[in-house]
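These notes are about the structure you will find just below.
Here, residue 1 is the first one in the sequence, and each next residue gets the next number.
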Amino acid sequence: MFKYVLKRIGQMLITLFLIMTILFLLLKITPGSPFSNPKITPTLRAQLEEKYGLDKPILTQYGMYLSNVLQGDLGESIVMIKNYPVKDMVAEPLAITIKLGVISLFVGSAIGIFLGALAALNRNRFWDYFNTIIAVVGVSVPAFVVAMVLLILRQDYFSFIPLVFTKADPIKGVTAIDELVSLTLPVISLSFGVIASISRYMRTELVEVYNTDYILLARAKGLNKRQVFTRHAFRNALVPIITIMGPMVVSLMTGSIVVEKFFGVPGLSQLTIKSINVKDTFVTLASELLYSLMFVVTMLIVDLLYGVIDPRIRLSGGDKK
């Protein structure tokens, strides 16, 4: 198990290195410059490029950037907040985006698993048909459309829910509970697709599991429905659910870009968009690198959870047995 974890961490680091390299090169070959403002004279532009090392060859720039990253230095903002450390600039938006994503994933997974299990245990009944409708609508409708519908509904029915995100601030009397309440609409927007996907998979897997021989054997041994469900069916049905968590995180990342804009959430996606628009190279690189880091870490956690969910799976020496 330990060797497998080390191997996966090594693969994760190589993946991050390749992503960072490709992103850096893409930003460099993209037309435009952080100093393309017509008010900046050619002389001043040359001085600024020299100050930030942008006048050097691309490979030299990349070597300097890689060296700084390895030392924990993500550079300084060139345009948005001049000379401000990027790592301090992305810290708060990153925390907000992670909070929004984790809550959305948790809420969506919990409700999806519950609905899927309810549908499987009540096949061809109301809850089964209801789950099918939720699954079809949730998979078909993107997060930003759900956000738009929630905005319309809020005006008439849920005006007590804050429209714009409010960060906890004891000085202003804004508590952590107030912050969580202000995340209600963004969380619903992002978690709706998660609910649809997971409920669909959960229902399908449970139906399949209930038709297997070992479930029939468990019933023959005299186990009641609750024991069969909790000891055998539920745990085995969770393995495929864990498998789709990786793509689910990617979906939440892409969905959060629009949802954060809709509800005024100052997350990492908003910072990324702003930095791309003004060609703030180091802020863009740091933001995209953090997104990549969140994804590869999630994939690592998903792999390790296999052995926790299903005792039959063992990771030894890098192989699944």
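Taking the side chain as every heavy atom from C-beta outward, Met12 and Met299 never approach each other to under 4.5 Å. Between Thr272 and Tyr291 there is a side-chain heavy-atom pair separated by less than 4.5 Å. For the pair Met20 and Tyr62, the minimum side-chain heavy-atom distance is below 4.5 Å. Using a 4.5 Å cut-off on side-chain heavy atoms (C-beta onward), Asn122 and Asp128 make no contact. Between Glu288 and Ile19, the closest side-chain pair of non-hydrogen atoms is not below 4.5 Å. Leu74 places none of its side-chain heavy atoms less than 4.5 Å from the side chain of Pro85.
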What do the steps show when you test Val265 against Lys99 for side chain to side chain contact (heavy atoms under 4.5 Å, CB included), and what is the final call? CA-CA 11 Å; Val265 181; Lys99 184 182 296 183; over 6 Å; no

Audit row: Leu285, Val69, side chain to side chain contact (heavy atoms under 4.5 Å, CB included) steps and yes/no: CA-CA 11 Å; Leu285 281 170; Val69 169; over 6 Å; no

Evaluate side chain to side chain contact (heavy atoms under 4.5 Å, CB included) for Phe24 paired with Gln61, printing each intermediate quantity in order. CA-CA 9 Å; Phe24 189 90; Gln61 291 184 46; 3.8 Å; yes

Using the rule given for side chain to side chain contact (heavy atoms under 4.5 Å, CB included), can you reason through Ser189 versus Leu150, listing the C-alpha separation, both sets of side-chain angles and the distance that settles it, and then say yes or no? CA-CA 8 Å; Ser189 302; Leu150 288 176; 3.3 Å; yes

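Taking a 6.0 Å sphere around OH of Tyr157, one finds it holds 12 or fewer heavy atoms contributed by other residues, nucleotides or ligands. Atom CG of Leu70 has more than 12 heavy atoms from other residues, nucleotides or ligands within 6.0 Å. Within 6.0 Å of NZ in Lys279 there are more than 12 heavy atoms belonging to other residues, nucleotides or ligands. Around atom CE of Met148, no more than 12 heavy atoms belonging to other residues, nucleotides or ligands sit under 6.0 Å away.
Rounding to the nearest 0.5 Å gives a distance of 14.0 Å between NZ of Lys56 and CD1 of Ile58. How far OG1 of Thr281 is from CD1 of Ile78: 4.5 Å, rounded to the nearest 0.5 Å. Taken from OG1 in Thr166 to CG in Leu180, the straight-line distance is 11.5 Å, to the nearest 0.5 Å. For the atom pair CG of Leu115 and CZ of Arg200, the computed distance is 14.0 Å after rounding to the nearest 0.5 Å.
No continuous path of ILVMFWY side-chain contacts below 4.5 Å connects Met64 to Leu26, so the two sit in separate hydrophobic clusters. Under a hydrophobic clustering in which Ile, Leu, Val, Met, Phe, Trp and Tyr are joined whenever their side-chain heavy atoms come within less than 4.5 Å, directly or via other members, Ile111 and Val139 fall into different clusters. Clustering ILVMFWY residues whenever any of their side-chain heavy atoms sit less than 4.5 angstrom apart, transitively, puts Val136 in a cluster other than the one holding Val141. Cluster annotation: Phe17 is not connected to Ile22 through the hydrophobic network of ILVMFWY side chains, with a link wherever side-chain heavy atoms come within less than 4.5 Å. Hydrophobic clustering of Ile, Leu, Val, Met, Phe, Trp and Tyr side chains at less than 4.5 Å, counting indirect connections, keeps Ile276 apart from Leu23.
Of the possible polar contacts, none joining the Asn68 side chain to the Tyr65 backbone as a donor-acceptor pair under 3.5 Å is found. Thr184 contributes a side-chain N or O that, together with a main-chain N or O of Val181, makes up a donor-acceptor pair within less than 3.5 Å. Thr298 places a side-chain N or O within 3.5 Å of a backbone atom of Met294 that can act as its donor or acceptor partner. When atom types are taken as modelled, the side chain of Thr175 and the backbone of Asp178 share a donor-acceptor pair closer than 3.5 angstrom.
By the 30° and 60° cut-offs, the orientation of the rings of Trp127 relative to Phe130 is perpendicular.
Here the closest non-hydrogen pair linking Val207 and Ala120 is CG2-CB, 4.2 Å. Residues Phe192 and Gly138 approach most closely at CE2-CA, 3.5 Å, considering heavy atoms. The minimum heavy-atom distance linking Val86 with Glu76 is given by the pair CG2-C, 3.6 Å. Across all their heavy atoms, Gly267 and Glu260 have their closest contact at CA-OE1, 3.3 Å. Contact detail for Ser77 and Met89: the closest heavy-atom pair is CB-SD, 3.8 Å. For the residue pair Leu190 and Ser104, the shortest heavy atom distance occurs at CB-OG, 3.6 Å.
In this model, no donor atom of one side chain and acceptor atom of the other lie less than 3.5 Å apart for Thr15 and Gln11.
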